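Remarks on the structure that follows.
Nothing here was measured: the structure is a model prediction, and the numbers come from that model.
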Amino acid sequence: MNKRRVQFFLLGAVLGSLSAFVYALRYFVPTAFAKGGPLDICFGDLVLAGCTDNSFWLGHLPGLIFGIGIAVILVRVAAVSFKTAMLFTFASALSYVIALRTAPFIWRYLGNAVDFILPDGVDQNGPIATAAFYLILSLTGFCAGALGGGLLALASQRLLRLASVSVVVWAGAVLGLALIFYPILSIGLLGEGPLGVFVFFIIWQAGYASALAKALQE
């Protein structure tokens, strides 16, 4: 891994940490998000489904955070214009929101398909149902990652005049599999908490930033 990719990777890890902190803010100030609290509004949780409020709130900010951070380094190392950097930031934010809002539909569609396949009477707390849950979750992350990462890759190809973005598209999809860490680390091992959120965002944003740096050099 060359110097530029290391720079992008490390920046992506920092941005992922910041994104996770914002996304998981409810864990740090729970009273603010409690019923009747000042921040008692839905902000789009991917895994803990049931959110129907379409307001752009904390859960929608990771794409914007990533876009701003990467835009800054693009100005410094790739000499892109301020206009291009702003358009990249917008594309990053929009791509993430589209992926975030599409993920619950993917989750429900895959869940219905698996429920149809599984035999009747399967223990919902048994190994088969648990395995199905993590399979659906990982496939949801893969599809949503491919969608959001692919949209940003196509925008980047046009804005940054990249020769190929296939590695970036594949990175978005494969890194989306890291969504499986959310429930394993947040609930399964440590009780409800933000650790899985941090693992997911750090892996995804660091890896995607590194793939983008590779595309810039091709």
Side-chain angles (χ1 to χ4, degrees), residues 12-13 15-16 19-20 23-24 42-52 54 59-63 66 91-156 165-190 192-212 215:
L15 296 173
S19 295
Y23 193 90
C42 172
F43 54 94
D45 195 314
L46 267 175
V47 178
L48 307 178
C51 178
T52 57
N54 291 322
H60 298 79
L61 295 181
F66 181 81
S92 177
L94 181 61
S95 298
Y96 176 80
V97 169
I98 291 173
L100 177 72
R101 284 301 177 182
T102 303
F105 295 99
I106 299 172
W107 169 266
R108 285 194 288 270
Y109 177 81
L110 293 174
N112 291 336
V114 171
D115 286 341
F116 180 79
I117 296 172
L118 290 178
D120 294 334
V122 171
D123 182 5
Q124 294 301 309
N125 296 316
I128 295 178
T130 301
F133 168 80
Y134 286 114
L135 174 63
I136 296 169
L137 186 62
S138 60
L139 289 176
T140 299
F142 181 89
C143 295
L147 175 61
L151 289 173
L152 182 55
L154 292 176
S156 299
V165 290
S166 59
V167 65
V168 187
V169 176
W170 276 107
V174 173
L175 291 166
L177 295 172
L179 186 62
I180 198 173
F181 290 117
Y182 186 112
I184 293 176
L185 296 177
S186 293
I187 300 173
L189 296 180
L190 301 176
E192 188 174 0
L195 181 57
V197 180
F198 277 86
V199 172
F200 169 70
F201 278 110
I202 291 172
I203 289 176
W204 202 94
Q205 294 196 2
Y208 193 87
S210 178
L212 185 61

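At distances below 3.5 Å, at least one donor-acceptor pair connects side-chain atoms of T140 with backbone N or O atoms of I136. Between the side chain of W204 and the backbone N or O of G172, at least one donor-acceptor pair lies under 3.5 Å.
For the pair L137/W107, a side-chain contact is recorded, criterion being any heavy-atom separation below 4.5 Å from C-beta on.
Between F66 and Y208, the two ring planes are perpendicular [angle over 60°; tilted spans 30° to 60°].
Contact detail for V168 and A215: the closest heavy-atom pair is CG2-CB, 3.7 Å. Taking both residues in full, the closest heavy atoms of G16 and F201 are given as O-CB, 3.4 Å, listed atom of the first, atom of the second, then distance. Summarising the geometry of G63 relative to S92, their closest heavy-atom pair is O-OG, 2.6 Å, with the distance given to 0.1 Å. Looking at every heavy atom in both residues, A206 comes nearest to A13 through CB-N, 3.6 Å. Of all the heavy atoms in S95 and L151, the pair that sits closest is OG-CB, 3.5 Å. The two residues P62 and Q205 make their nearest non-hydrogen contact at O-NE2, 3.5 Å.
Summarising the geometry, atom OH belonging to Y96 is positioned 9.0 Å from atom CG belonging to L61; distances are rounded to the nearest 0.5 Å. Residue L175 holds its CG atom at 13.0 Å from CD1 of I202, rounded to the nearest 0.5 Å.
Residues satisfying the side-chain contact (heavy atoms from CB on, under 4.5 Å) criterion with S156, sequence neighbours excluded, are F88, L152, L160, L162, L212. Every residue was checked against the side chain to side chain donor-acceptor pair (under 3.5 Å) condition with T102, not counting sequence neighbours, and none meets it.
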